[in-house]
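Read the structure below first, then the notes.
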Amino acid sequence: MYQAFVNVIADKLLPRVRRRYLKEVFGHLYGGKRSAFFYRKWERGYGALNETCRRAFSKGFIYGATFDLTACYDSLDHGVLRHFVKSIGCDTEFAGQLSDYLCHWTATNHRIYHHHGIPQGPLSSGLLAEVVLQHFDNHRGSPREVRYVRYVDDIRLFAKSPLALRRMLVRLDMLSKDIGLFPQSSKVHIHRITDIEQELKSISNPPEEALVPPTPDQVKLRQRLVHLSPRFCVANPTRFKFLLARAKPSARLNDRLWRILQLQPDFYASILCYFQRYRVIPEVIATQILLAISREPLYHAVHAELIRTADGRLPVKYHSRFRRLVKKQWHPSAQSPELTAALGRIAVRDGLLTYAQTRHAILKSPAWWVRCELIDSLTPALIGEPSLESLANVSIREDSVDDVCMMGAMCIQQHDLAVRSPSRDVKRRAASVLREFGRMRRLTAEVCGIEQMFVHLLGASGAGVRWKSFYGVNYRRAERQAVSCRALVDTNVTAWVPALDVLNDLLLSSLFRHRPSMGVHNLGNFRSIYKSTLRTDFPHIWRMVKAIHEKRLESELAHAVVYSTGKPTGRIDFGFVSTAKALMRPAILELSAL
């Protein structure tokens with residue numbers, strides 16, 4: 001969904017920024033619709049950035065400064081983002097819906113919703129940030145005495161005098177306040193450039209002597225890692241991680257890396273990946289890892305990676321101690337999903353949990369990722385084949401997340417378990433997997449578009465209404481209309497209301513057919529409802545149909561003016577969706593009693 005939104009934004013943004021690509025802007029360059037990749041090659045952009053900087057220096061722009069932003073992605077305000085998304089040609093509903101989704105996608109584990117920040121990591125976030133960061137490109141001015149280049153949120157300036165740089169920095173500082181971002185004052189430093197190559201950061205320039213083919217020289221590589229971490233503080237994180245990824249485990253590096261990890265926990269992924277290359281971790285480091293695991297976790301992600309590092313790599317004499325720590329720290333309701341999953345896989349595999357604890361964790365854990373991980377770790381030897389079969393069959397029927405249902409289906413296939421009867425209530429995603437493996441002859445009952453619309457709108461099914469028999473010959477037409485309504489409610493309420501009015505028209509036609517005593521309803525003629533007993537026989541359906549039909553008259557997609565007032569029609573506010581939902585709930589319950 002996130003990528004779908006940003007695909008639209010990228011196409012709108014490209015004509016406005018293309019002229020700056022590889023001249024002033026060098027990061028997150030959109031590849032265009034014809035490209036097989038979302039972005040152009042980053043190597044080309046980074047190389048062009050370095051070449052532009054060299055060219056500026058050669059022309060006498062010998063003073064430099066860097067303007068960097070603090071926590072750019074985390075600080076992007078959703079109101080500011082809406083403003084810029086609309087400014088490039090996207091409509092109000094589109095911008096508002098994206099903003100609403102971002103509130104959920106950036107929420108904390110306790111579901112505290114913020115109105116700032118975009119997700120870290122997804123491909124889409126880079127281009128979404130460009131929508132706001134182009135504000136610097138558009139309004140920085142064009143003084144001839146300053147050369148301006150930008151790589152994402154890192155802006156580099158070159159000038160022939162310090163005064164010109166200072167003027168530009170002040171201007172950029174004001175522009176950052178316009179969009180609610182904050183410059184890192186500690187990184188703003190005007191200085192005279194004596195060697196342009198020292199200004200440029202690149203993995204391959206200059207090349208690492210230790211990595212000359214055919215195989216890395218491990219002695220030289222260790223020396224470089226020591227040189228890059230004086231007093232156990234890494235000065236160049238990018239180069240340090242790059243070299244550490246090529247290093248073989250060595251007792252000469254272990255103590256240094258562990259001390260770096262204690263001082264700079266943000267290097268946990270690279271350093272613990274290094275220790276994971278051991279088949280059996282040396283006793284000194286194993287003791288340190290167990291000691292770190294035994295402490296109260298400060299960073300759950302680091303703690304989870306420590307557990308994954310220790311799992312299966314500790315000397316035999318530490319196995320029982322490690323299992324005791326895992327069992328002691330198993331508190332799924334008070335931990336992050338990542339830590340719960342790391343502990344849970346080991347606890348389930350080693351039989352540290354009772355069957356009741358295992359069942360509760362698999363079926364009731366609030367994080368779907370934890371449920372997937374625990375199902376994947378189960379085997380018949382741990383809890384017995386009947387119990388495993390029971391859990392897998394519950395997961396493919398009752399879990400609301402498709403990923404968990406499919407993991408349950410994979411568990412059934414891997415351990416040759418039976419799909420219990422009746423099979424018609426197996427979730428469709430799980431049924432598709434089981435059918436591919438020959439575990440089910442056919443898929444479960446067809447998905448009903450009308451039922452799915454009510455689940456999407458109301459969070460519940462159509463209260464047991466059998467829509468196919470209710471609509472009869474008009475079912476396919478009503479289903480197509482319901483699918484349109486489901487799509488429009490999230491994107492264009494002005495169009496949703498007339499579409500829902502048409503669905504209500506089809507509903508009335510079928511309702512009158514089932515209750516002949518009310519009379520006859522001809523499609524397209526709502527006057528019949530005022531002459532019938534609908535108001536007394538089905539009061540909730542009456543109120544719903546009447547309210548939506550009258551609201552349709554205000555839509556600019558239905559009429560030019562409102563008949564009752566003579567005023568021009570316009571867009572319908574999103575607030576009406578809540579009103580419509582409140583009318584639908586009792587109306588559907590009333591219909592189910594028919």
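Bear in mind the structure is a predicted one, so any value in this text is a computation, not a measurement. Numbering starts at 1 and runs along the sequence shown.
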* With respect to W330, which candidate in T340, L352, L325, I346 satisfies the side-chain contact (heavy atoms from CB on, under 4.5 Å) definition? -> T340
* Asked: Quick check: does any side chain N or O of H28 sit under 3.5 Å from a backbone N or O of V25, one acting as donor and the other as acceptor?
  -> no
* Using the test ring pair (Phe, Tyr, Trp, His ring centres under 6.0 Å), find all partners of F574 that sit at least two apart in sequence or belong to another chain. => none
* side-chain contact (heavy atoms from CB on, under 4.5 Å) assessment of L133 paired with L181 -> CA-CA 10 Å; L133 294 173; L181 297 177; 4.2 Å; yes
* To do: Classify the side-chain pair N254/Y278 by whether it contains a donor and acceptor separated by less than 3.5 Å.
  => yes
* Asked: Parallel, tilted or perpendicular: which describes the rings of F5 and Y101, with under 30° parallel and over 60° perpendicular?
  -> perpendicular
* Asked: Counting only heavy atoms not in R429, do more than 12 sit closer than 6.0 Å to its CZ atom?
  -> no
* To do: Indicate yes or no for a side-chain donor-acceptor contact from E338 to the backbone of V370 under 3.5 Å, with no hydrogens or angles considered.
  => no
* Within the distance-only criterion (no hydrogens, no angle test), does the side chain of S395 pair as donor or acceptor with the backbone N or O of A392 below 3.5 angstrom? -> yes
Sequence neighbours excluded and cut-off under 3.5 Å, please list the side-chain donor-acceptor pairs for residues 405-421, or say none.
{"unit_1": "Q413", "atom_1": "OE1", "unit_2": "R439", "atom_2": "NE", "d": "3.1"}
{"unit_1": "H415", "atom_1": "NE2", "unit_2": "L378", "atom_2": "O", "d": "3.1"}
{"unit_1": "D416", "atom_1": "OD1", "unit_2": "R439", "atom_2": "NH1", "d": "3.2"}
{"unit_1": "D416", "atom_1": "OD1", "unit_2": "R439", "atom_2": "NH2", "d": "2.6"}
{"unit_1": "R420", "atom_1": "NE", "unit_2": "E389", "atom_2": "OE2", "d": "3.0"}
{"unit_1": "R420", "atom_1": "NH2", "unit_2": "P386", "atom_2": "O", "d": "3.4"}
{"unit_1": "R420", "atom_1": "NH2", "unit_2": "E389", "atom_2": "OE2", "d": "3.4"}

* Between T66 (side chain) and R156 (backbone), is there a donor-acceptor pair under 3.5 Å? -> no
* Y299-Y268 aromatic ring centre distance below 6.0 Å -> no
* Asked: When the ring planes of W42 and Y46 are compared, do they come out parallel, tilted or perpendicular, using 30° and 60° as the limits?
  -> perpendicular
